[in-house]
Amino acid sequence: MISEVASQYDAKEVEGKVRKFWEDRGIYARARTMRTGGRKFFFVDGPPYTTGRIHLGTAWNKIIKDSILRYRSMNGFEIKDRAGWDMHGLPIEVKVEEYLGFKSKKDIETYGVDRFIDKCKEFALSQKDQMTVQFKTLGAWLNWEDPYMTLKDEYLEAAWWTLKRANERGLLERGFRVVNWCPRCETAIADAEVEYWEETDPSIYVKFPVVGEENTFMMIWTTTPWTIPANVGVAVHPQFEYSKVRAWKDDPEKAEILIMASSLVENVLREGRYRDYEVLESFAGTHLEGLEYSHPLADLIPAQRDIEHTVHLADFVTAENTGSVHIAPGHGLEDFELGVAEGMEIFCPVGEDGRYTSEAGEKYAGKYVRAANREVDEDLADRGLLLAEGEIVHRYGHCWRCKTPIIYIATPQWFLKISEIRDDMLEEIAKVKWYPDWAGSARFRDWISGARDWCISRQRYWGIPLPIWICETCGKMEVIGSMEELHQRSGASIGDLHRPAVDLVTIKCSCGGEMRRVPDVFDVWFDSAVASWATLNYPRDKDQINEWWPADFITEGHDQTRGWFYSQLGASMVSFGVAPYRSVLMHGFTLDDKGKKMSKSIGNVVSPEEVVGKFGADTLRLYVLSSNAPWEDIHFSWEEVANTHRMLNILWNAYRFPLPYMILDGFDPTKTTLDMVKESLRPEDRWILSRANTLAREVETSMGSYQLQRATRAIADFVLEDLSRWYIQLVRPRTWIETDDPDKLAAYATIREVMATLAKLLAPFAPFTAETIYQNLVRGTDPEVPESVHLCDWHRPREGLIDPALEEEMALVREVVEAVSNARQKGGRKLRWPVAEVMISPDKEIPDLKDLLPVLKSQTNSKRVTVNAVGEKPRMEIALNPVPKKIGPAFKGEAQKVIQAIKDANLDEVAELVKLKEAEKKEVFRESPVVFSWHLKGYDIPLDMVEFLEKIPENLVAADFSSGTVYVDVTLTEDLKAEGYAREVIRRIQDMRKEMDLRVEEEIEASVRLDDEEVAGLLERMKDYIAGEVRARRLQVGSEVEVEGSLVKDWSIEDLEMTIGVLRG
RNA sequence: GGGCCCGUAGCUUAGCAUGGUUGGAGCGCACGGCUGAUAACCGUGAGGUCACGCGUUCGAAUCGCGUCGGGCCCA
């Protein structure tokens, strides 16, 4: 049974019903199980971090995934699609710390690590649940019942196993390295976790006293005075030229000797407010190598007294500030590398809490480094070693969770030696199919080329514990790969692999000593890095991985180039030596309408709930899918969202329009199939069927390269242009036919077929609307078909129904109708008034329109349509135009008479002129030109003195289309007038029926009073026609008519007053 | 500072890999039309230094270089 539907597209209602239907009938699960045995499609969900709220970007991400998976499923693929959740790490720790009011790690220890971990877990799980609901609202079909969660034991084991593999392959290394360090969180953080923004910092120029040369200084510049206590060297560039200058302020006798890059001398002396200087000597940087200097604060920092300070050569030095760089290997990455290479002491007198240790000397010990900047400046100044101090605004790194400025300190950490497998990685990504291509060939490639060793250890609690045990006695190290292995090695059974339980497990070493776990946890990026096998429960489950791995497809935002695309590749190369994915679609970001990033502080954030609340999930889905190519950023625009919604509303109207008629006629598509009405199909029916299948082809092609915007735009264009604006207009009169006319049944069957096709094409993108249409028009009439549109096979284009020639013809017809519309407007004749003739004059070959002439006639409301041969035009009236500029000089005094004679020329005389002009045209091609003259009333008039003006006859109005011109004859005859007035009256009565809320088939009695005898007479002639159109049992028209009815209204038609009454029959 | 991407009407965009009639649409605006899809729909019109500059070419929105603005990532 087909049912009538709401007159407005109500997303909330539609989506609520469909969601319930899916749940009640277990449609999702069936969609997956029914494809068992099909070609496998392994999709790995990039796990969103469990923040509790999804944003527009994550919504878009899941919508893309869902559309592609639905499409694949309909195409017969057996799909693996566990949803994933990223649940460990600092962000949750920080939230829980805030919630508990903690300030440092000590608070956590006091509170109890076990209780803290429980809280983190609780937090992560509840936020996961909240987000699941939000994703489901979007219609995103993933396996939500059994998602992979990074906090599950089997997931932890996947990470453990991977690290064990890394160790077996010699890619795990413990190293003393300089790392990004958050002094508040007291942990190393990854490069990816550092957030940069502008910060004001000191900018100081410091003089380092050269040993053995009185009053001589190496000049260095720094923005981190607190690193001066850890200084152990100075670097200069071997190729730069340096100068030793004698500079003074007031008294030349009190001059100092300063060493710096020659090109920067002026700059440094200006900073130090020197009055004048002289260059003593200049030399290459190499000349300075080995030069010894003393630490400027050696008297305050006892440890510095035993360190030898010298100048070193380094390529990373730039010609800025002084051209000499202060080197503190304990506090800088380049410093550290240079320090190790040059055998410097790695001096790091700063603790994990960001405070100086006792090694920094009594004066500094216990002070927070950034707060000590001022004090270091003063101490330098007191010793006469501060040349200048100022401020600088520059980008500085911060902990992306707690926003504390990071510091660099040298600490022992665990690393994966990515630098050793970099080349293999480059080789592997070349085998991956990237959408768009440059995401892999340019962007990702660049990133990997610069890849460094990956610091995977964190000094935190809520994460996967590093499965590394070290013997306290002999230092032997062992990496454990699973819970079972841990049990076998230690004898201990623990219910949960998280801290702190795992910290207590000890293993007997072969030396007889006791092995303890290193206290670190994994960098949270390592969690998601193992997702492609963890989601298959590998290594616990050894079978699935053979069936599915590697992933066929993943898709994430372009920030994941350095994130998940990379971390997964790294972990997979370490474990398996190949890339974990076969194809990657990189998508964009959602920005605001001005192209700016959405941020809470600017207040331009739009949430997905807001959009869904106002317009519904299908609108949001179609909007994000169609607005851009997936890899471009979306500039979110409410206006465009509203526009998308409008399209859905039009689709809804197109869908619901035929329903009442079909119901009234008891239309049963299983009994009246398209095949059965084949003979009755009109050309326009064949046309819309052709268009629908052409559309299917376009959608398929676009999906082949993940051009979701092309697929969805093609569908929207079809709905608006072909279905709503054209086919529905053409088919309307046929639905009013009352008998069981084959013509009507053909229309019904066509509409149903087109809507069924459209529902399937729309299913991946607007699953709710598609389901609603399908349930009513397809499933509702045929219990044999699949229960849901999402259980259907994809609508493969039916080539037999595609007729390109017909599509071309119809395109032309539409152009002509448009042109006629244009001409009518120029001629002041509205469409309701029929015209006698439309004449098409092509100026080039056009397709044969024979089949479509009835369409042309009805849509242009004309009595006759004529198609002329190419170049043939209606007979023009020809006006002669004398050219006074030429006539004047030749005829002088006679000129005015000649001009008048030309104007007065009779038809015969004009005909002679036409003949001459044509002859002249041909003459051009001959060797000897002949001068023609027109003999008129005794004058010989050279032809260039007369021009033709073609004048369209009064009764015609013209308008151009792409292949010619249309002429519309707007002459009004009595018959045309009668019909025009009749249609005006019909339209008013229909309007009143509508106002009275009458059912389509209900009968009425109507009366029309007007004071114009002529028009009354015309209407009288059309009485039967009018009565038929408005279903009036009785109709009275005239000046004496007594108007009565349940509704009486006055109307003004073409400046003529009428009173119309409608009585419920 | 570096890499990759983007910049077309007030707004959202097509076209750009393979340079070639007057750069297409939609929304919004103005005017008109249609009417049992009706809080919908259709036509016409106005609206463009194709971010800017230089170059290649007979010819550039399209190719190259540079500048500016935006995004992601890095330093």
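Below, chains carry the letters A, B, ... as their sequence lines are ordered, and counting in each starts from 1.
- A/W221 is linked by a side-chain hydrogen bond (donor to acceptor under 3.5 Å, both in side chains) to A/S203, counting only residues two or more places apart in sequence or in another chain.
- The phosphate of B/U12 has neither OP1 nor OP2 within less than 4.0 Å of any side-chain N or O from A/N643.
- Closest contact between the side chain of A/H635 and the listed nucleotides B/C34, B/U12, B/A37 involves B/U12.
- Separating the P atom of B/A25 from that of B/A46 is a span of 12 Å, rounded to the nearest Å.
- Between A/R443 and B/C5, a side-chain N or O to OP1/OP2 separation shorter than 4.0 Å is absent.
- The CD atom of A/E698 sits 14 Å away from the C1' atom of B/A14 (whole-angstrom rounding).
- With a glycosidic angle further than 90° from 0, B/A37 counts as anti.
- With C1' as the reference atom, B/U67 and B/G20 are 29 Å apart, rounded to whole Å.
- Among B/G33, B/A37, B/C4, the nucleotide with an atom closest to any side-chain atom of A/I650 is B/A37.
- One distance of note links CZ of A/F444 with CE of A/M586; it measures 11.0 Å at 0.5 Å rounding.
- In this structure, A/R814 does not reach the B/G43 phosphate: none of its side-chain N or O atoms is under 4.0 Å from OP1 or OP2.
- The distance from atom NZ of A/K994 to atom P of B/A37 is 7 Å, rounded to the nearest whole Å.
- If you take CD of A/E721 and C1' of B/G43, they are 13 Å apart, rounded to a whole angstrom.
- For the C1' atom pair drawn from B/G19 and B/C58, the interatomic distance equals 12 Å after rounding to whole Å.
- Counting any heavy atom pair closer than 4.0 Å across all strands shown, A/Q990 reaches a base atom.
- For B/G48 and B/C11, the C1' atoms lie 14 Å apart once the distance is rounded to whole Å.
- In this structure, OG1 on A/T561 lies 7.5 Å from CG on A/D559, to the nearest 0.5 angstrom.
- Of the P atoms belonging to B/G69 and B/A75, the separation is 23 Å, rounded to the nearest Å.
- Atom pair A/D991:CG and B/A37:P shows a separation of 12 Å (rounding to whole Å applied).
- If you take CD of A/Q729 and C1' of B/A37, they are 8 Å apart, rounded to a whole angstrom.
- The C1' atoms of B/U49 and B/A30 are separated by 25 Å, rounded to the nearest whole Å.
- Checked by atom type, the side-chain pair A/T555/A/Y706 shows no donor-acceptor distance below 3.5 Å.
- Among the protein residues, A/R824 comes within range of no part of the nucleic acid, since none of its heavy atoms lies under 4.0 Å from any strand.
- Taking only side-chain nitrogens and oxygens, A/R646 never comes nearer than 4.0 Å to OP1 or OP2 of B/A40.
- Taking 3.5 Å as the limit, the base of B/G28 and the side chain of A/E639 contain no donor-acceptor pair of atoms between them.
- Distance, A/Q859 CD to B/G33 C1': 14 Å, rounded to whole Å.
- Note on A/L591: only backbone sugar-phosphate atoms sit closer than 4.0 angstrom, heavy atoms only; bases stay farther off.
- Among the nucleotides B/G71, B/G15, B/U12, the one closest to the side chain of A/E640 is B/U12.
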Q.
Only Watson-Crick and G-U wobble pairs with both distances less than 3.5 Å should count. Give RNA chain B in dot-bracket notation, marking inter-strand partners with |.
A. (((((((..((((......[...)))).(((((.......))))).....(((((..]....)))))))))))).

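- A cation-pi geometry, defined here as NZ or CZ lying under 6.0 Å from the six-membered ring centre and within 45° of its normal, does not hold between A/K977 and A/Y981.
- A side-chain donor from one of A/R646 and A/N643 sits under 3.5 Å from a side-chain acceptor of the other.
- Separating the CD atom of A/E815 from the P atom of B/G24 is a distance of 13 Å, rounded to the nearest angstrom.
- Atom CG of A/D843 is separated from atom C1' of B/U21 by 14 Å (rounded to the nearest Å).
- Among the protein residues, A/L720 comes within range of no part of the nucleic acid, since none of its heavy atoms lies under 4.0 Å from any strand.
- Comparing the C1' positions of B/C27 and B/A9 gives a spacing of 12 Å, expressed to the nearest Å.
- Atom CD1 of residue A/I63 and atom CG of residue A/L56 lie 8.0 Å apart, to the nearest 0.5 angstrom.
- Residue-to-nucleotide contacts include no donor-acceptor pair under 3.5 Å from the side chain of A/S724 to the base of B/A40.
- Residue-level contact check: A/S627 touches the backbone only, with heavy atoms under 4.0 Å from sugar-phosphate atoms and none from bases.
- Under the 30°/60° scheme for interplanar angles, the aromatic rings of A/Y566 and A/W447 are found to stand perpendicular.
- Relative to the side chain of A/Y661, the nucleotides B/C11, B/C72, B/A37 differ in distance, and B/A37 lies closest.
- Qualifying side-chain hydrogen bond (donor to acceptor under 3.5 Å, both in side chains) partners for A/D741, counting only residues two or more places apart in sequence or in other chains: none.
- The gap from the P atom of B/C4 to that of B/C50 amounts to 26 Å, rounded to the nearest Å.
- Within 4.0 Å of A/A654, counting heavy atoms only, lies at least one base atom of the nucleic acid.
- The six-membered or imidazole ring of A/F667 lies away from that of A/Y661, with a centre-to-centre distance of 6.0 Å or more.
- Across all strands, A/R988 comes closer than 4.0 Å to no nucleic acid atom at all (heavy-atom distances).
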